[in-house]
Structures are given as structure tokens and as C-alpha cells.
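Please read the structure below before turning to the comments.
In what follows, every heavy atom counts, from backbone to side chain, and hydrogens, waters and symmetry copies are set aside. Counting starts at 1 for both ligands and their atoms, in listed order.
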Amino acid sequence: MDERKRVLSLIQPSGVPTIGNYLGAFKNWRAMQENYDCLFGAADLHAITVRTEPKTLRENTRSIFALLLAVGIDPEKSVVFVQSRVPEHAQLAWLLNCCTQFGEAARMTQFKDKSATHADNINVGLFAYPTLMAADILLYQADYVPVGQDQKQHLELTRTIAERFNFSYGETFTVPEPFIGKSGARIMSLQEPSKKMSKSDLNTKAFISMLDEPSVITKKIKSAVTDSEAKVRFAPGKDGVNNLMDIYSCCTGKDYEAIEREFDGHGYGDFKNAVAEALVSELGPVQGEYKRLISDKAYIDSRAAEGSRTAELFARRTLAKAMRKMGFYDPDGR
Ligand code: ATP
Ligand code: LTN
């Protein structure tokens, strides 16, 4: 009997992932494959909550799938899939919509933020985003969900929905726990370090994409906002420097104290050069592998199809169970 705990996490194909996605999510995903039964994938149904060109959606989804493999998510160890290929996600989401209060969804800060940045398209999908995310997680009876800090509130709502369903209809879903790394869980914008780094930021200097060329990485780090103290130390009020220290720490494994010692007596110039170098060597192998994989369309397509079929085998069982518990008529009498 397999006693391993189950892990699930998805990423939206809404652009090229940033080093925030990499350090806050992918690195943990890769490590967790060794000790857990993992499912990872592309949340393309979530991506359409923001207006997206059909061609872009298709390309971004294939691209993010290739990137997952490039960072070392191994389809022989983990189930890697595409959300929209498993129709049970949308089906369970509807059931969960009916177990979620309007007020609960309206409190989500991501909904409030996205409503502000996409004021011309505050669609019902954007509002129902967290119940679809709850369906993603509950369909696979996940124990842990590795995400960045920004997703904690959605995880709390998922737990509330699962507990409510179990209470109303009988034990059905595993109540999941968020898994948020100690460092890298909230990489900040390089230009406004009080805001999280986001791949959909309109200012491209604010983020480093995982596929940025070394010269671009160096330029963006050099123009990152710091402060006038000119001392590398982790302290309140030094958001820009704290963020660079966090990035450096994630890439090198050094703690803040070690970093402070290393740059004692140095200005921000030397520190920024070191951060850029660390990032370039961290991302280099991933970029090489991505280039190789993305040119092999047949391989990516067959892996995505196979992973999605496997995911559906899990998903189908849970959806059937939830429908049975809720009292849906099944004329086949199962
Ligand atoms: P968008 O900018 O399109 O809204 P996003 O990058 O904020 O997207 P996702 O692509 O869905 O959101 O995020 C995938 C994973 O990366 C999630 O686990 C999320 O918590 C994590 N993540 C996103 N941004 C950061 C960040 N700045 N620091 C750490 N983790 C992050
Ligand atoms: N909402 C998440 C992406 C996401 C997700 C999930 C994460 C969609 N479904 C299920 C974990 C589990 C985000 O990071 N914006």
C-alpha cells in the first residue's frame, strides 16, 4: 500500500514564468517529487479569466508544459497535465460554486487586485477563480499544495469548502494544507519592491522572466530599486535590498548573515553583480533544456496527452464520489 502523501500544484499559462514563479513554486515542486506522489500542471482554464488571444493561450500552454519538464519535473515520477484536458475540473467547480458564499469569494484579495487592474473585464470567471482552484486540489485528494505566499488565502478558502462539503454530505475530500517555502515565497517587483513580482506586470523591468538572456538579467538586476544606505543587510524598510538578498539566498543556499558578511564593506554594485551571476548560472541549464524541448513538439504533445489521461483517471473517481454524495441521479445505478 502506497503511504506517500499527495501533492498538487498548477501554474497559469499567462505568460513566461518569472524568477518569482521559479523560486516560489517550481524549485519546491522539483524537490517534492522525491518524497511525494505529485501532480503538476498548466491551469489554462484559470488563464482565460483575463482576456487572452486564442493563439497566445495555445502557445503559452505548450510552452509552460515544456518549461515544467525543463526545470526537472519528471513525467516518469510525477503526473504532468493540462487542466482543460480533464473536464472534471470544470464539473467539480460548479458543484463547489454552490457550496461557496458570495461574500467568501468577494473577500479574495486576488479578485480585488485583478478587478482593479482589469476594470474593463470583471467577468464571473474571475470571481469564481478560487472555486475552480479548489476543484483542482480536491479532485486529487491532495494533502499538500506548494504555492507562493500570494495563494495562501485561496488555500484557506479551499479548506473551508472541503470541510463544509464533508460536513454536509459526509467525508469526501482530503482537507489540504498549503506548503509555503521558507525563502522565495514572495519575490518582489524589482521596480516597486513593496509589490509582488508578477509575470503580467506591464513594466518589463519589474520582473525577470525565466527565459531572459543573461545580458537582460544583468541589466534588470542593475536597475533594481535599492536605497541610499549602501549597506547589504536584511532589515525592515529595505524592501529592495531584502528582495535581492532573498533571490541570492535562494540561488546560492546562503543565509542572510552569510550574505551580509560576504558583502561587508562592498557597495550595491558588487552585490548586484553577484546576484545577477547567481541567477544566470541557476537559470542557464533550465533555459538550455527548454530550448531543446520546445523544438520537439511531438514529444511535448505526447507527454501532455499522456499526463492528462492519467490525471483524468484520478479525477473521474473523485467527481463520481462527490456527485453520489450530493444526490445526483445516476440512471446507470452505479
Ligand atoms: P499572473 O501574474 O499572471 O497573475 P502569477 O505569476 O501571479 O500570475 P501563477 O502563474 O498562477 O501566478 O503562479 C504560479 C505559482 O507561482 C503560484 O504557486 C504562485 O504562488 C507562485 N508565485 C507567483 N508569483 C510569485 C512571487 N512573486 N514570489 C513567489 N512565488 C510566486
Ligand atoms: N491560482 C494559482 C494557480 C493555480 C493553482 C491551482 C495553484 C490554479 N489552480 C491549484 C495550486 C493549486 C496562482 O498561483 N495564481
Side-chain angles (χ1 to χ4, degrees), residues 6-29 32 38-52 56-57 60-61 63-64 67-68 71 81-84 86 89-90 92-93 96 108-111 113-118 125-126 128-140 142-159 176-190 192-204 206-210 243 246-247 250 311:
R6 192 164 299 154
V7 162
L8 173 131
S9 203
L10 306 183
I11 177 165
Q12 300 182 77
S14 50
V16 182
T18 67
I19 56 167
N21 300 125
Y22 178 69
L23 302 174
F26 292 164
K27 269 193 109 170
N28 292 331
W29 298 6
M32 288 178 104
C38 297
L39 296 112
F40 298 116
D44 52 348
L45 295 173
H46 279 107
I48 60 164
T49 55
V50 167
R51 218 173 262 121
T52 312
T56 310
L57 179 66
N60 280 354
T61 308
S63 159
I64 217 135
L67 200 53
L68 288 176
V71 298
F81 72 102
V82 176
Q83 183 192 35
S84 65
V86 184
H89 288 250
L92 182 62
L96 301 184
M108 296 294 109
T109 51
Q110 182 176 299
F111 172 66
D113 292 349
K114 294 242 161 162
S115 302
T117 46
H118 299 90
L126 194 63
Y129 183 112
T131 49
L132 177 60
M133 178 162 162
D136 299 339
I137 298 165
L138 302 182
L139 267 181
Y140 301 96
D143 297 286
Y144 299 115
V145 184
V147 284
Q149 191 68 44
D150 62 307
Q151 294 302 310
K152 194 161 177 259
Q153 196 186 30
H154 286 159
L155 256 297
E156 276 158 14
L157 181 58
T158 302
R159 289 172 58 88
E177 280 178 40
F179 178 97
I180 298 175
K182 280 183 211 69
S183 59
R186 194 166 161 81
I187 300 296
M188 310 308 279
S189 154
L190 298 177
E192 289 172 78
S194 57
K195 232 176 72 177
K196 84 157 191 156
M197 183 181 285
S198 169
K199 59 173 129 60
S200 46
D201 201 312
L202 294 175
N203 180 358
T204 56
F207 61 82
I208 292 178
S209 117
M210 286 181 66
N243 190 36
D246 206 14
I247 294 171
C250 286

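Rounded to the nearest 0.5 Å, atoms CD1 (Ile11) and CG (Asn21) are 4.0 Å apart.
Distance from atom 2 (O) of ligand 1 to its nearest protein heavy atom, with residue and atom name: Ser198 OG, 2.5 Å. The shortest contact between atom 9 (P) of ligand 1 and any protein heavy atom is with Lys199 NZ, 3.6 Å. Among protein heavy atoms, the minimum distance from atom 6 (O) of ligand 1 is reached at Asn21 ND2, 2.9 Å. Regarding atom 19 (C) of ligand 1, its nearest protein heavy-atom neighbour is Asp150 OD1, 3.5 Å. Counting only heavy atoms of the protein, atom 1 (N) of ligand 2 lies nearest to Tyr129 OH, 2.6 Å. Looking from atom 7 (C) of ligand 2 to the surrounding protein, the closest heavy atom is Leu10 O, 3.4 Å. The protein heavy-atom contact nearest to atom 30 (N) of ligand 1 is Gly20 O, 3.2 Å. With respect to atom 24 (N) of ligand 1, the closest heavy atom belonging to the protein is Lys196 NZ, 3.3 Å. The shortest contact between atom 3 (O) of ligand 1 and any protein heavy atom is with Ser14 OG, 2.7 Å. Distance from atom 27 (N) of ligand 1 to its nearest protein heavy atom, with residue and atom name: Ile187 O, 2.7 Å.
For ligand 2, the atoms sitting less than 4.0 Å from at least one non-hydrogen atom of Ile137 are 10 (C), 12 (C), numbered in the order shown with element in parentheses. Below 4.0 Å from some heavy atom of Gln12 lie the following atoms of ligand 2, by number and element: 15 (N). When each atom of ligand 2 is checked for a heavy atom of Val145 under 4.0 Å away, the hits are 11 (C), 12 (C). Under a 4.0 Å criterion applied to the non-hydrogen atoms of His46, ligand 2 contributes the atoms 8 (C), 9 (N).
The ring of Phe111 has its center no closer than 6.0 angstrom to the ring center of His154.
For Ser200, heavy-atom contacts with ligand 1 shorter than 4.0 Å involve the backbone as well as the side chain.
At least one heavy atom of Lys114 lies less than 4.0 angstrom from ligand 1. Not a single heavy atom of Gly15 sits closer than 4.0 Å to an atom of ligand 1. Close to ligand 1: Gly184, with a non-hydrogen atom less than 4.0 angstrom away.
Between Pro146 and ligand 1, not a single N/O pair is under 3.5 Å apart. Backbone and side-chain nitrogen or oxygen atoms of His154 are examined, and none is located within less than 3.5 angstrom of a nitrogen or oxygen of ligand 2.
The nearest non-hydrogen atom to atom 6 (C) of ligand 2, considering only Val147, Asp136, Leu139, Thr49, comes from Asp136.
Ring pair His46/Tyr129 is tilted by interplanar angle, where 30° to 60° counts as tilted.
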